[in-house]
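Numbering of ligands and ligand atoms starts at 1, following listing order. One-based numbering along the sequence shown.
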Amino acid sequence: MANENKPIHGVWGSRWVFILAAAGSAVGLGNIWKFPYMTGANGGAAFVMMYLLCIVAVGVPIMVAEVMLGRRGGMSPVNSMLRLARDNGVNSRWAGVGALGALSGFLLLSFYTVIGGWTLFYVWEMVSGALVHASATEVQGAFDGMMANVWLVLGGHTAFMAMTMFVVGCGVIHGIERAVRILMPLLFVLLAVLFGYALTSDGFDDAVRYMFAFDIAKLSGASVLAAVGHSFFTLSIGLGAIMAYGAYMPREVVTRSGQRKPVSIGSTVLAVAALDTLVALVAGMIIFPIVFANGLAPGEGPGLLFVTLPLAFAEMPLGMLFGTLFFVLVVCAAWTSSISIAEPPVAWLVEKGFSRPKAAILIGLLAWTLGIGSALSFNVLSDYTLFGKTFFGLMDFLTINIMLPVGGLLIAIFAGWIMKETQARKELAMKSFGLYMVWRAMVRVFAPLALMLVFAFSLWQALAPAGDAVPAEPVVDEAPVAPQAERPVEGDVPAAAGVPE
Ligand code: PHE
């Protein structure tokens with residue numbers, strides 16, 4: 001039986017390690033970069049509420065399903081799904097769910113590390129004090145200059161890929177567990193320090209208003225769907241990363257008093273989702289006060305993180321120190337996410353007989369090569385487009401708007417409709433039958449419907465003529481900002497990388 005197999009890749013030291021690893025996966029560029037902007041642009045509190053609802057009603061049930069399939073399968077997503085398909089007497093093509101996940105992970109990894117490279121460069125920009133007292137034009141120039149510099153972008157991409165693959169290559173316990181045990185506490189300390197700083201800043205009240213001022217009029221159908229899409233991207237569902245991490249989750253732990261305690265998937269996933277949401281909210285409460293205190297406009301995507309915020313750091317007292325801390329935080333968040341994105345394809349190669357370091361090097365090299373296309377999309381290849389998108393834009397759209405929703409949908413269908421109920425119930429071992437029934441209804445009906453809507457919407461957005469598409473620009477004019485004298489010009493940067501539009 002599948003559930004008696006010991007995972008070949010290792011088992012996390014405790015339930016907490018799973019929480020750290022899964023939260024590390026979930027907390028990434030999506031939280032620090034995209035969520036704050038989306039909140040402001042989509043109606044503040046109305047959007048936050050919608051997002052929270054989506055996390056609870058769509059994200060958490062699918063995440064529970066994904067972890068459950070992983071723990072039951074005990075292997076890489078491809079082989080876990082194969083095993084589960086056999087166990088349940090269905091066509092082994094269901095292994096395709098795992099393969100699709102590994103493929104989307106591979107594609108996502110290829111450009112996530114490009115953006116990861118930018119964040120590394122910005123740590124350097126902050127530490128070196130290069131931007132201290134720089135003007136808006138200079139800060140924008142630094143960003144444009146970085147993007148135009150092929151070698152710099154490729155160097156960052158290479159370094160970030162190497163960092164990621166080094167950890168994955170060291171193994172689940174010696175690599176990933178060790179990394180998240182250090183990086184996640186560091187991330188939380190940095191977050192707390194920066195939040196403390198933001199609390200004392202003049203812009204805090206404006207920021208609270210910007211993010212939480214209830215304005216139902218701003219909440220359109222598009223923003224509701226954006227909330228659904230973002231909720232499962234931010235929780236890292238649909239790609240197999242969480243399934244792989246679930247495979248390494250222990251079934252029981254021995255408490256200090258020597259008692260055996262079952263590890264509940266439901267409550268563990270809730271803890272991860274709560275951490276992810278908390279980080280997203282706190283990231284907004286760090287970024288916007290700094291932006292508003294300096295009289296800037298909130299901007300969008302890369303503009304917010306890589307131009308507006310550095311400009312604020314350039315002007316404020318101790319900006320060099322806090323700017324450095326901030327970008328170290330972003331690096332930690334992106335790093336623990338890219339590690340989880342790389343794990344499914346690497347684990348699969350290991351099961352095919354490769355040694356882990358070799359598997360990591362191979363996947364790293366292949367993803368790195370593909371990533372060159374994305375890295376060059378901002379400079380030499382920027383004029384080459386297909387369907388109006390650069391190579392980077394295409395990869396971004398394909399993985400996040402198409403492959404992730406499809407992956408999430410298939411996971412929900414397998415867990416809700418295909419898997420034998422007795423198996424699912426045993427693996428979840430929920431204490432409350434009522435809660436179990438709620439989960440089942442969510443995973444069978446509500447979540448698939450929501451995902452189908454997101455998917456249809458993504459397609460419509462892609463195929464609709466430009467005028468019909470949802471505006472990507474936030475309504476910056478309505479933001480409670482002080483005089484916008486020095487608003488940085490938003491350059492020709494992509495709307496969002498690694499995040500659904
Ligand atoms: N959740 C990560 C973020 O918010 C991205 C991610 C998606 C990681 C899918 C793993 C799998 O940036």
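Between Leu108 and ligand 1, no N or O atom pair is found at a separation short of 3.5 Å. For ligand 1, one of its N or O atoms has an N or O atom of Phe233 under 3.5 Å away. Considering backbone and side-chain atoms together, Val27 places no N or O closer than 3.5 Å to any N or O of ligand 1. Residue Ser340 has no N or O atom closer than 3.5 Å to an N or O atom of ligand 1. For ligand 1, one of its N or O atoms has an N or O atom of Leu29 under 3.5 Å away. Between Thr234 and ligand 1, at least one pair of N/O atoms sits closer than 3.5 Å.
In summary, the atoms of ligand 1 found under 4.0 Å from a heavy atom of Gly30, numbered by their order in the structure, are 3 (C), 4 (O), 12 (O). Taking a cut-off of under 4.0 Å to the non-hydrogen atoms of Leu239, the atoms of ligand 1 that pass are 9 (C), 11 (C). Of all atoms in ligand 1, numbered sequentially from 1 with element shown, those under 4.0 Å from a heavy atom of Ser25 are 1 (N), 2 (C), 8 (C), 10 (C). The contact set between ligand 1 and Ile341, taken as ligand atoms under 4.0 Å from a residue heavy atom, comprises 8 (C), 10 (C). Proximity to Ala26 (heavy-atom distance under 4.0 Å) selects the following atoms of ligand 1: 1 (N), 2 (C), 3 (C), 4 (O).
Applying side-chain contact (heavy atoms from CB on, under 4.5 Å) to Val330 and the options Asn31, Leu309, Ile32 leaves one that passes, Ile32. Just one residue in the list Phe378, Tyr112, Trp124, Phe327 forms a ring-ring contact (aromatic ring centres under 6.0 Å, His included) with Trp118, and that residue is Phe378.
To the nearest 0.5 angstrom, Ser110 atom OG is 7.0 Å from His157 atom NE2. A distance of 12.5 Å separates CD1 in Ile242 from CG in Leu69, rounded to the nearest 0.5 Å.
Side-chain atoms of Trp368 and Thr158 include a donor-acceptor pair closer than 3.5 Å.
When non-hydrogen atoms are compared, ligand 1 lies under 4.0 Å from the side chain of Tyr112 (C-beta onward) but not from its backbone.
Residue nearest to atom 9 (C) of ligand 1, selected from Gly28, Gly101, Ser236: Ser236 (by heavy-atom distance).
By the 4.0 Å heavy-atom criterion, Trp33 is excluded from the residues contacting ligand 1.
For Tyr245 and Phe18, the distance between ring centers is not under 6.0 angstrom.
In this structure, Trp348 places its CH2 atom where only 12 or fewer heavy-atom neighbours from other residues, nucleotides or ligands lie under 6.0 Å away.
Salt bridge Arg83/Glu351: absent, no basic N to carboxylate O contact under 4.0 Å.
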Does the ring pair (Phe, Tyr, Trp, His ring centres under 6.0 Å) test come out yes or no for Phe111 and Phe391, once each step is laid out? CA-CA 10 Å; Phe111 64 85; Phe391 185 77; 9.3 Å; no
